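Being a predicted model, the structure only gives us computed values, none of them experimental.
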Amino acid sequence: MIHEPDSGARKRVSVQGRLRNYFFTGVIVAGPLAITIYITWWCISLIDGWVKPLVPAKYLPDHYLPFNIPGLGLLIAFVGLTLLGAFTANLVGRSVVEFGEVLLARTPVISGLYRGLRQVFETLFSTSGTSFRTVGLVEFPVKGTWSVVFLSAPAGPDVQGALPPNGDYVGVFLPCAPNPTTGFFFYLPRSEVIELSISVDDAAKLVMSAGVIQPEDPQTRLQAMAAGLRVAQVGPVEMPARDKQDA
């Protein structure tokens, strides 16, 4: 005799499966949101801790209110940096900045540190620069294995002259997973770098997720969004009358 599974057991398994799915769905929804809120709040609190002590207490609303206003230091920093940029854009501001740079250039140790940091900031935040805005693949660490890299600036004349004459050399930064802010920097012939047509954000997600999150084709994303909108507009498909009777 063949014993059919108990309907109560099937129902219990189904309920457990649904609860498990609901739980993981909640984790997927709440996890990224909670981490994003935490990092944002941490950044705001960090900047507030830097900026607020520089402002006299009588000019802060927190001095007159029974509670603190989060983000006030961030707002002050944004306004201050914007005004500083506007000031240095005119003749008087440029003259003051150049005078300060001359003083720093004559100060031992500090002059080299300042020039290096200025070059880094100008390279990273320049609107016309191309450093770290191109993604590529290089054969590393051994032949037959490929790693994601970010292309930096071409090698300078001194570095180019000291390297073997194998063509133009370019600096590449190889990020480590899951933290793409750490990694290795080296020079390679440009011919050994395969450039990819993906954005730096997609490449960073690829590295941070260790290959789990793959770059998505924008056209595929738009098609999926269009399909979802069509389904939402049409609504659930009605079952034929015969199928309803059989059910």
Side-chain angles (χ1 to χ4, degrees), residues 26-105 107 109-135 150-153 173 175-183 185 198-209 213 215-216 218 221:
V27 171
I28 293 173
V29 173
L33 181 62
I35 295 175
T36 302
I37 294 175
Y38 174 78
I39 294 176
T40 304
W41 185 265
W42 179 81
C43 293
I44 292 176
S45 301
L46 181 65
I47 297 176
D48 285 350
W50 288 348
V51 176
K52 282 187 176 181
L54 303 177
V55 181
K58 61 181 180 179
Y59 296 114
L60 294 176
D62 298 350
H63 183 69
Y64 307 98
L65 298 175
F67 56 87
N68 294 328
I69 301 178
L72 183 61
L74 179 62
L75 179 62
I76 295 174
F78 175 78
V79 174
L81 292 175
T82 303
L83 294 177
L84 178 62
F87 174 72
T88 55
N90 56 48
L91 180 60
V92 177
R94 285 197 301 269
S95 301
V96 174
V97 172
E98 290 174 358
F99 177 73
E101 289 180 346
V102 170
L103 294 179
L104 289 175
T107 305
V109 181
I110 297 179
S111 61
L113 177 62
Y114 173 76
R115 283 198 300 267
L117 291 175
R118 184 184 177 105
Q119 290 177 354
V120 170
F121 274 76
E122 288 179 348
T123 302
L124 293 178
F125 294 98
S126 175
T127 56
S128 59
T130 59
S131 298
F132 297 108
R133 297 182 184 178
T134 305
V135 183
F150 301 106
L151 273 65
S152 181
F173 176 73
C176 293
N179 183 9
T181 60
T182 61
F185 174 79
I198 64 176
S199 65
V200 175
D201 293 338
D202 289 339
K205 294 176 185 177
L206 182 66
V207 173
M208 287 187 293
S209 65
I213 302 177
E216 186 178 357
R221 187 186 302 114

To the nearest 0.5 Å, tell me how far [X] [atom1] sits from [Y] [atom2].
X	Y	atom1	atom2	result
Ile37	Leu33	CD1	CG	4.0 Å
Ile76	Leu60	CD1	CG	5.5 Å
Trp42	Ile47	CH2	CD1	9.0 Å

Would you indicate whether [X], at its atom [atom1], is surrounded by more than 12 heavy atoms from other residues, nucleotides or ligands within a distance under 6.0 Å?
X	atom1	result
Phe99	CZ	no
Phe185	CZ	yes
Lys52	NZ	yes

How close do [X] and [Y] get, counting heavy atoms only, and between which atoms?
X	Y	value
Ala77	Val51	CB-CG2, 4.0 Å
Ser199	Val135	O-CG2, 3.8 Å
Pro70	Ile44	C-CG2, 4.2 Å
Thr134	Val200	N-CG2, 4.3 Å
Phe150	Ala204	CZ-N, 4.3 Å
Asp48	Gly71	OD2-N, 2.9 Å

task: Using side chain to side chain contact (heavy atoms under 4.5 Å, CB included) as the criterion, point out the one residue from Leu81, Leu74, Thr82 that pairs with Phe78.
output: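 So, applying the side chain to side chain contact (heavy atoms under 4.5 Å, CB included) to Phe78 and each of Leu81, Leu74, Thr82, only Thr82 qualifies.
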
task: Measure the shortest side-chain to side-chain distance between Leu83 and Phe87 over non-hydrogen atoms and say whether it is less than 4.5 angstrom.
output: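 No, too far: nothing below the 4.5 Å cut-off.
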
